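The structure presented is a predicted model; accordingly, all values stated were derived computationally and were not measured. Numbering of residues begins at 1 and proceeds along the displayed sequence.
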Amino acid sequence: MSSSGRSWPLSLMFLLGMGMASKRTNCPSRCSCQYLEVNCTGQQLQEFPAAIPLDTRQLILAANNVSYLPAVELSFLADLVYLDCRKNLLGDDLDFTFIGVAKLVYLDLSFNNLTQVTFSTFSHLLSLVVLKISDNPNLVAIEKDAFANNTWLRHLDVSRTGLTFLDTSTVRDLPNLRFLGLSDNLWHCNCSFLDFINWMTESNVSHLLVLHKTDQHAENITCYTPEGLRALKMPAVEAQLHFNCLTQLYKQDYIFLCLIGFCIFFAGTVAAWLAGICAVIYEAFILLLYHETMEEQGHRDRLEEHLAVARELTKAFLARKPSRAYWDQPR
């Protein structure tokens with residue numbers, strides 16, 4: 001084989017290597033790139049940046065004007081573990097957005113325009129440990145099973161949002177949860193919220209929140225409605241709700257008790273009526289049986305009397321002896 005023939009594969013490998021090297025050193029416009037990190041903080045980006053290296057592990061898009069995260073472009077970043085999108089314009093629909101970044105460990109979506117969190121929003125992030133969705137004033141709903149697949153979640157912050165209620169089951173089944181940010185929300189502290197407050201008091205999450213007295217948000221978990229409980233902190237609210245919900249009765253409670261009393265009265269009346277009917281039927285049956293027995297006994301007594309008379313007549317007839325003249329009479 002000629003020397004030119006031998007050098008051809010080497011040249012091809014060299015070109016491929018240069019192409020891969022150029023791809024790794026490629027960096028999106030107005031962003032800075034270091035080893036496995038792309039930082040686009042504060043660059044007034046309107047869209048998700050293009051040409052992000054595929055081996056990026058950390059992507060920072062903070063303080064921009066990005067309103068949409070393309071699921072397809074994100075799925076190319078299969079090794080991404082850190083994504084910071086705080087202070088953008090991300091809004092309505094993030095369902096299935098993170099379906100291609102299953103290795104993600106850290107996700108910050110705070111200071112955006114999120115409105116709801118559903119099961120499909122984060123269900124594919126099985127390795128997620130830190131999730132920050134605080135400071136989304138339009139976030140008013142989090143589904144019960146929104147974090148059902150995020151069992152490794154350790155840090156969850158939903159502070160300063162539009163939430164008024166959070167179902168206990170949403171966070172109760174997160175075995176590794178150690179920090180839960182809830183401060184400065186418009187909590188509606190009614191009897192339905194009492195279960196959540198009890199869970200906070202008894203769980204390890206609540207214990208950590210109590211320990212962090214130096215955190216300026218730790219003591220800002222207060223009620224917004226109803227008016228009588230506004231600005232009360234959780235310990236005081238718990239005692240007040242226990243008193244209101246477990247000792248006082250509302251209109252619907254009285255209605256319920258009246259219905260229960262009527263049902264008991266009606267059931268008792270019906271039961272007494274049925275018992276009376278059964279007693280009358282039983283007494284009539286016994287009386288009929290008695291009469292039949294007495295009639296049968298009467299028939300037996302009369303029969304015995306007739307038999308006794310017949311026996312007496314038979315004895316009297318047999319006791320009589322005909323005279324001699326009777327037998328001598330000609331026949």
Side-chain angles (χ1 to χ4, degrees), residues 7-114 117-136 146-147 149-157 176:
S7 62
W8 170 248
L10 296 176
S11 301
L12 182 59
M13 292 178 64
F14 177 76
L15 291 175
L16 289 174
M18 291 296 293
M20 292 177 66
S22 63
K23 182 180 287 187
R24 283 181 181 165
T25 56
N26 190 25
C27 190
S29 175
R30 292 188 288 176
C31 299
S32 62
C33 298
Q34 297 179 355
Y35 178 69
L36 303 179
E37 177 185 310
V38 177
N39 192 337
C40 305
T41 302
Q43 297 302 314
Q44 303 301 313
L45 298 178
Q46 303 293 324
E47 297 180 349
F48 188 79
I52 297 177
L54 300 183
D55 59 352
T56 300
R57 297 289 185 88
Q58 184 169 332
L59 177 59
I60 304 174
L61 301 175
N64 285 288
N65 297 316
V66 178
S67 59
Y68 174 69
L69 292 178
V72 176
E73 282 82 347
L74 273 177
S75 66
F76 293 148
L77 308 177
D79 293 326
L80 194 67
V81 296
Y82 185 102
L83 178 59
D84 184 354
C85 296
R86 69 183 187 276
K87 295 183 179 179
N88 277 279
L89 302 176
L90 299 175
D92 296 335
D93 189 7
L94 289 178
D95 288 356
F96 303 104
T97 297
F98 307 104
I99 192 171
V101 285
K103 295 181 181 179
L104 205 62
V105 174
Y106 180 99
L107 177 59
D108 191 344
L109 297 173
S110 56
F111 295 95
N112 278 279
N113 294 322
L114 304 184
V117 176
T118 69
F119 173 77
S120 302
T121 307
F122 305 118
S123 60
H124 301 90
L125 302 180
L126 305 183
S127 302
L128 194 63
V129 175
V130 177
L131 176 60
K132 298 181 179 181
I133 51 177
S134 61
D135 298 282
N136 281 275
F147 310 119
N149 288 354
N150 310 120
T151 54
W152 287 103
L153 198 60
R154 189 176 182 88
H155 180 113
L156 175 62
D157 194 355
N176 296 296

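For the salt bridge (Lys or Arg N to Asp or Glu O under 4.0 Å) condition, the pairs that include at least one residue of residues 95-107, sequence neighbours left out, are Asp79-Lys103. Every pair passing side chain to side chain donor-acceptor pair (under 3.5 Å) that includes a residue from residues 64-76 is listed here, sequence neighbours excluded: Gln44-Asn65. Among pairs with a residue in residues 121-131, none fulfils salt bridge (Lys or Arg N to Asp or Glu O under 4.0 Å), at least two apart in sequence or across chains.
To the nearest 0.5 angstrom, Asn39 atom CG is 8.0 Å from Gln58 atom CD. The structure places CG of Leu45 at 8.0 Å from OG of Ser29, a figure rounded to the nearest 0.5 Å. Considering CD of Gln34 and OG1 of Thr56, their distance stands at 12.0 Å, rounded to 0.5 Å. Of the inter-residue distances, the one linking Ile133 atom CD1 with Asn112 atom CG reads 11.0 Å to the nearest 0.5 angstrom.
There is no side-chain donor-acceptor pair under 3.5 Å between Ser120 and Ser123.
Contact of the Val105 side chain with the Val130 side chain is not registered, since no non-hydrogen atoms from C-beta on lie closer than 4.5 Å. Using a 4.5 Å heavy-atom cutoff, the side chains of Arg57 and Tyr35 are not in contact. You'll find the side chain of Pro53 reaches within 4.5 Å of the side chain of Val38, heavy atoms only. The closest side-chain heavy-atom distance from Phe98 to Leu107 is below 4.5 Å. Looking at Asn176 and Leu153, their side chains never come closer than 4.5 Å, going by heavy atoms from C-beta outward. Side-chain contact check for Leu125 versus Val101: some heavy-atom pair is nearer than 4.5 Å. Counting heavy atoms from C-beta outward, Leu131 and Asn150 have side chains that stay 4.5 Å or more apart.
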Would you sort out whether Leu94 and Phe122 count as a side-chain contact (heavy atoms from CB on, under 4.5 Å), showing the intermediate values?
CA-CA 9 Å; Leu94 289 178; Phe122 305 118; 5.6 Å; no
Apply side-chain contact (heavy atoms from CB on, under 4.5 Å) to Leu59 and Leu80, showing your working.
CA-CA 8 Å; Leu59 177 59; Leu80 194 67; 3.8 Å; yes
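With sequence neighbours excluded, no residue satisfies salt bridge (Lys or Arg N to Asp or Glu O under 4.0 Å) with Asp157. When the ring-ring contact (aromatic ring centres under 6.0 Å, His included) test is applied to Phe48, no partner is found at least two apart in sequence or on another chain. With sequence neighbours excluded, no residue forms a ring-ring contact (aromatic ring centres under 6.0 Å, His included) with Phe111. Applying the side chain to side chain donor-acceptor pair (under 3.5 Å) criterion to Asp135, with sequence neighbours excluded, gives Arg160. Listed by chain and residue number, Ser110 satisfy the side chain to side chain donor-acceptor pair (under 3.5 Å) test with Asp108 (two or more places apart in sequence, or in another chain). For Cys31, the disulfide (SG to SG under 2.5 Å) partners at least two apart in sequence or on another chain are Cys40. Scanning for ring-ring contact (aromatic ring centres under 6.0 Å, His included) contacts around Phe76 gives an empty result, with sequence neighbours left out.
The minimum heavy-atom distance between Leu90 and Leu109, with the atom names listed, is CD1-CD2, 3.9 Å. Contact detail for Asn26 and Cys33: the closest heavy-atom pair is O-SG, 4.4 Å. Of all heavy-atom pairs spanning Gly91 and Leu114, the tightest one is O-CD2, 3.7 Å.
Listed for the Asn136 side chain is a donor-acceptor partner under 3.5 Å among the backbone atoms of Asn113.
Between Tyr82 and Tyr106, the two ring planes are parallel [angle under 30°; tilted spans 30° to 60°].
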